[in-house]
Every structure is written in structure tokens, then in C-alpha cells.
Amino acid sequence: MPDRKPPALFYQKVYALVRRIPAGQVTSYGRVAEMIGHQGAARQVGYAMSALKNRQDDPDYADVPWQRVVGHNGEIRIKGGAHSRSYQAELLQQEGVTVRQAADGGFVVEVETHMWEGLLPHEVDRLLAGLSSGR
DNA sequence: ATGTTGACGGTTG
DNA sequence: TCAACCGCCAACA
């Protein structure tokens, strides 16, 4: 059952910012939280990513590049089993991101070369200005 | 209003 | 080093 209610404001902020991550680069849950002014809310950013799977057929949210958000150390943290993690790794590799496979079978993005610099505070302000009112 | 739930991140032993 | 804790805080029941 897809979720057709509009997402809560916090989620909208997360999605708006994640859409700005350039292809071929990544950022972390914690950095997303910090940039939108919710320092320490990294887990909630992950929760927002998880909620996207209920909106796959909603054109307003189907284009959010969720695969570009990883753990602060580059670790792929998506739940849903090994298949989901290898899928995220595959999507990233397709856009040119270096992903290594760790000894334990997990995947780790090479953050040293692919970490996104992020947006400046005033750029975030502009991006998030007047959310909540529209879709 | 209150308790539970996490696609986190930092600390501890 | 690495696993186990534990604080975090918005959403949701």
C-alpha cells in the first residue's frame, strides 16, 4: 500500500536536500541532518529514507536519490538484507562511485574521494524556503 | 499525552 | 580492533 499523504515537514526537508546531492557523490545521514538544521537527528534521516519505499510510485518522491546517503564512514546501512545493500552499491557504482566490499561482506563507499561538500547555510535556507505549503 | 521505533553516530570495555 | 552500549529525536500508534 503506497502512502499518499504528504510527508511530514522534516521529511520534506530531507528529501529536498538529498535531491541536491550530485550524481557520483555521497553524503552521510548525520551531515544531512546537520545541514537542514537538525543536528543529531541522523537516525531520523535514515527513517525518512526508509519511508521512501512506500512512495516509489509517487512521481513527487520517486526521483529522490536515496542511494547517495550512507553512513558517516561510507558504510552502506540500508536494511532489507544483503540484496538491498548490493543493490545500493550497484546504483552508486553505476554513477561512478567507488565502492569496496569489506571482509564481512558489507559495502563501503570510498568517502575520501566521493564525499559531497554539501550546501552552504544560505543555500540551504533558499532551498527550504516555503516548503510545507506545497507538496 | 505517552511509549515505541529506527537505512545513526559516538563511546566504551 | 571490534562488538556492545547508549543517547539521540521526529514520526507514528
Side-chain angles (χ1 to χ4, degrees):
Chain A
M1 286 270 292
D3 190 350
R4 307 218 178 263
K5 304 187 304 291
L9 181 57
F10 175 78
Y11 285 11
Q12 293 185 43
K13 292 180 179 178
V14 171
Y15 299 149
L17 183 64
V18 170
R19 272 195 265 255
R20 294 312 201 72
I21 307 172
Q25 296 189 255
V26 300
T27 193
S28 71
Y29 301 94
R31 289 169 72 108
V32 170
E34 186 175 12
M35 279 188 271
I36 64 177
H38 290 242
Q39 194 167 26
R43 295 187 77 162
Q44 289 59 244
V45 173
Y47 201 8
M49 294 298 101
S50 181
L52 282 173
K53 67 177 176 295
N54 300 319
R55 299 181 182 278
Q56 288 182 25
D57 43 290
D58 183 338
D60 289 331
Y61 300 99
D63 66 335
V64 177
W66 55 267
Q67 73 273 20
R68 296 174 195 155
V69 185
V70 298
H72 65 118
N73 55 358
E75 188 182 2
I76 286 182
R77 293 271 226 157
I78 186 174
K79 293 292 177 61
H83 176 74
S84 297
R85 293 190 290 276
S86 63
Y87 177 57
Q88 181 172 0
E90 197 175 317
L91 288 177
L92 288 171
Q93 286 167 336
Q94 283 172 9
E95 36 185 81
V97 174
T98 304
V99 184
R100 342 177 87 81
Q101 189 151 23
D104 61 5
F107 296 92
V108 182
V109 168
E110 191 176 84
V111 288
E112 296 80 5
T113 56
H114 294 99
M115 181 61 74
W116 179 41
E117 285 189 1
L119 296 181
L120 299 172
H122 79 273
E123 295 174 313
V124 175
D125 289 344
R126 186 154 43 84
L127 175 67
L128 302 182
L131 257 191
S132 157
S133 45
R135 323 193 133 258

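Hydrogens, waters and symmetry mates are skipped; everything else that's a heavy atom, side chains included, is used. Lettering of chains follows the sequences in order, A, B, ..., and the numbering in each one begins at 1.
The CD atom of Gln56(A) sits 14 Å away from the C1' atom of dA7(B) (whole-angstrom rounding). Rounded to a whole Å, the CZ atom of Arg43(A) is 15 Å from the P atom of dT4(B). Computed from coordinates, the Asp104(A) CG to dA4(C) P distance equals 13 Å when rounded to whole Å. Met115(A) has its CE atom 13 Å from the C1' atom of dG9(B), to the nearest Å.
To the nearest 0.5 Å, atom CG of residue Leu17(A) and atom CE of residue Met35(A) are 4.5 Å apart. Taken to the nearest 0.5 Å, the CD1 atom of Ile36(A) stands 11.0 Å off from the OH atom of Tyr15(A). To the nearest 0.5 Å, atoms CG (Leu52(A)) and OH (Tyr47(A)) are separated by 12.5 Å. A distance of 5.0 Å separates CG of Leu127(A) from CZ of Arg20(A), quoted to the nearest 0.5 Å. To the nearest 0.5 Å, atoms CG (Asn54(A)) and NZ (Lys5(A)) are separated by 9.0 Å. For the atom pair CZ (Arg19(A)) and CD1 (Ile21(A)), the distance works out to 11.5 Å, reported to the nearest 0.5 Å.
No path of Ile, Leu, Val, Met, Phe, Trp and Tyr side chains, each step under 4.5 Å between heavy atoms, connects Val108(A) with Met115(A), placing them in separate hydrophobic clusters.
Inter-residue side-chain proximity for Tyr87(A) and Ile78(A) is flagged as unmet; no heavy-atom pair is nearer than 4.5 Å. A 4.5 Å side-chain heavy-atom check between Val32(A) and Trp116(A) finds every atom pair outside the cut-off.
With hydrogens and angles ignored, the 3.5 Å screen pairs no side-chain donor or acceptor of Glu34(A) with any backbone N or O of Gln39(A). Put simply, the side chain of Tyr11(A) never gets that close to the backbone of Pro6(A): no donor and acceptor are under 3.5 Å apart. Remark: the backbone N or O of Ser50(A) is paired with a side-chain donor or acceptor of Lys53(A) at under 3.5 angstrom. In this structure a side-chain-to-backbone donor-acceptor pair under 3.5 Å is missing from Gln93(A) to Val97(A).
Residues from residues 75-103 of chain A placing a heavy atom under 4.0 Å of any atom in DNA chain B, listed by number, are Arg77(A), Ile78(A), Lys79(A). Of the residues in residues 13-30 of chain A, Ser28(A), Tyr29(A), Gly30(A) come within less than 4.0 Å of DNA chain B through at least one heavy atom, sorted by number.
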Nucleotides 1-3 of chain C: which of its N/O atoms have a protein N/O under 3.5 Å away?
none

Restricting to nitrogen or oxygen on both sides, can you table the protein-nucleotides 10-13 of chain B pairs closer than 3.5 Å?
from, atom 1, to, atom 2, distance (Å)
dG10(B), OP2, His72(A), ND1, 3.2

Protein-nucleotides 10-13 of chain C N/O pairs under 3.5 Å:
from, atom 1, to, atom 2, distance (Å)
dA11(C), OP1, Phe10(A), N, 3.3

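In the displayed structure, Arg100(A) atom CZ is contacted under 6.0 Å by at most 12 heavy atoms of other residues, nucleotides or ligands.
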Set out, in order, the CA-CA distance, both residues' side-chain angles and the distance that settles side-chain contact (heavy atoms from CB on, under 4.5 Å) for Lys13(A) and His38(A), then state yes or no. CA-CA 10 Å; Lys13(A) 292 180 179 178; His38(A) 290 242; 3.9 Å; yes
Checking side-chain contact (heavy atoms from CB on, under 4.5 Å) for the pair Met49(A)/Val18(A): CA distance, chi angles, key distance, verdict? CA-CA 10 Å; Met49(A) 294 298 101; Val18(A) 170; 3.9 Å; yes
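Taking both residues in full, the closest heavy atoms of Ala41(A) and Ala33(A) are given as C-CB, 3.7 Å, listed atom of the first, atom of the second, then distance.
Helical stems involving DNA chain C, defined as 3 or more consecutive Watson-Crick or G-U pairs under 3.5 Å, span B:2-6 with C:9-13, B:8-13 with C:2-7.
Under a 4.0 Å N-O distance rule, the pair Glu95(A)/Arg68(A) qualifies as a salt bridge.
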